[in-house]
Amino acid sequence: MIGVKLLFVSVLSFVLLTMPLRAAEICQAGLELDYVSVEELEGGLTPEGSVAKRWHLQFRFPEVIWSHGDMVEHGRLVCDGEIITAEFANNELDVTVVQEPQLINMAGVAYSLSTSQVEP
């Protein structure tokens, strides 16, 4: 049974990575999507100075988890047709699908769909 579940998750991951991803797919209940920033950005401070690292977005509709810099924010996704808004405690940010199949933009940062969708 575990093999069947893993096969299903693998097939689902393959489909997500090869099909155009539209706002409607991001807003499906039960769908889990992980994104990573295309570029390394400000990642916090160490004793040696500032570091750069990739930022992360996790969509667990309706929850969104945004790891940026040395901060992690939890919020919720609000979907209205093709318009997606990520609402956090202090701000609302538009999420846009900018290039199919798997590139989105939030707060001026481009994120690509992570290829590590299947956990062992």
Side-chain angles (χ1 to χ4, degrees):
M1 186 67 165
I2 292 175
V4 172
K5 183 177 179 183
L6 185 57
L7 176 62
F8 173 75
V9 172
S10 297
V11 169
L12 178 63
S13 296
F14 175 76
V15 169
L16 286 175
L17 292 173
T18 57
M19 289 180 57
L21 184 64
R22 300 184 188 281
E25 279 93 23
I26 291 174
C27 296
Q28 287 181 11
L31 190 60
E32 297 183 355
L33 298 170
D34 295 329
Y35 289 86
V36 63
S37 64
V38 173
E39 297 180 9
E40 288 190 340
L41 303 161
E42 192 278 316
L45 295 174
T46 68
E48 291 80 33
S50 64
V51 295
K53 65 179 184 181
R54 304 233 184 248
W55 291 4
H56 296 270
L57 279 172
Q58 295 177 303
F59 294 151
R60 306 294 187 261
F61 189 79
E63 182 182 14
V64 59
I65 303 166
W66 185 25
S67 302
H68 56 104
D70 54 0
M71 297 179 56
V72 176
E73 294 187 59
H74 293 260
R76 69 184 192 103
L77 292 173
V78 177
C79 299
D80 183 13
E82 290 294 310
I83 299 171
I84 305 171
T85 304
E87 295 182 343
F88 298 98
N90 295 322
N91 56 11
E92 292 183 4
L93 302 169
D94 289 334
V95 177
T96 54
V97 179
V98 293
Q99 179 184 341
E100 295 185 36
Q102 62 234 33
L103 188 65
I104 65 169
N105 187 299
M106 187 176 89
V109 175
Y111 294 85
S112 63
L113 189 62
S114 175
T115 57
S116 60
Q117 294 291 305
V118 181
E119 294 182 17

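- To the nearest 0.5 Å, atoms OG1 (Thr96) and CD (Glu82) are separated by 11.0 Å.
- For the atom pair CG of Asp70 and OG of Ser50, the computed distance is 11.0 Å after rounding to the nearest 0.5 Å.
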- Going through the checks in order, is the side-chain contact (heavy atoms from CB on, under 4.5 Å) test met by Asp94 and Ile84? CA-CA 6 Å; Asp94 289 334; Ile84 305 171; over 6 Å; no
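- In this structure, the side chains of Val95 and Val64 stay at 4.5 Å or more apart for every pair of heavy atoms.
- Put simply, the side chain of Tyr111 does not reach to within 4.5 Å of the side chain of Asn105, judged on heavy atoms.
- Met106 approaches Ala86 most closely through the heavy-atom pair SD-CB, 3.9 Å.
- For the pair Val72 and Ile65, the minimum side-chain heavy-atom distance is below 4.5 Å.
- Side-chain contact between Thr85 and Ile83 is present, with at least one heavy-atom pair separated by less than 4.5 Å.
- Leu41 is connected to Tyr35 through a chain of hydrophobic side-chain contacts under 4.5 Å among Ile, Leu, Val, Met, Phe, Trp and Tyr, so both are in one cluster.
- The shortest side-chain heavy-atom distance between Ser112 and Val36 falls under the 4.5 Å cut-off.
- Not a single donor-acceptor pair under 3.5 Å links the side chain of Ser37 to the backbone N or O of Glu40.
- Classification of Arg60 and Asp34 as a salt-bridged pair holds, one side-chain N sitting under 4.0 Å from a carboxylate O.
- At a threshold of 4.5 Å between non-hydrogen side-chain atoms, the residues Trp55 and Leu57 do not count as touching.
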- Chi angles and distances behind the side-chain contact (heavy atoms from CB on, under 4.5 Å) call for Ile26, Cys79: CA-CA 9 Å; Ile26 291 174; Cys79 299; 5.7 Å; no
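- Take Trp66 and apply the ring-ring contact (aromatic ring centres under 6.0 Å, His included) test, not counting sequence neighbours, and it matches His68, Phe88.
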- Message: Could you go through Ile104 and Leu113, starting from their C-alpha distance and side-chain angles, then the distance that decides it, and tell me whether this counts as side-chain contact (heavy atoms from CB on, under 4.5 Å)?
- Response: CA-CA 8 Å; Ile104 65 169; Leu113 189 62; over 6 Å; no
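- Leu33 has its side chain out of reach of Phe61: every pair of non-hydrogen atoms, C-beta onward, lies at least 4.5 Å apart.
- Environment of CG in Asn90: sparse, with no more than 12 heavy atoms of neighbouring residues, nucleotides or ligands closer than 6.0 Å.
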- Message: Checking Glu92 against Glu87 for the side-chain contact (heavy atoms from CB on, under 4.5 Å) test, could you report, in this order, the C-alpha distance in whole Å, the side-chain angles of both residues, the deciding distance, and whether it holds?
- Response: CA-CA 4 Å; Glu92 292 183 4; Glu87 295 182 343; 3.5 Å; yes
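- With rounding to the nearest 0.5 Å, the separation of NE2 in His56 from CZ in Arg54 is 9.0 Å.
- Counting heavy atoms from C-beta on, the side chains of Glu63 and His74 come closer than 4.5 Å.
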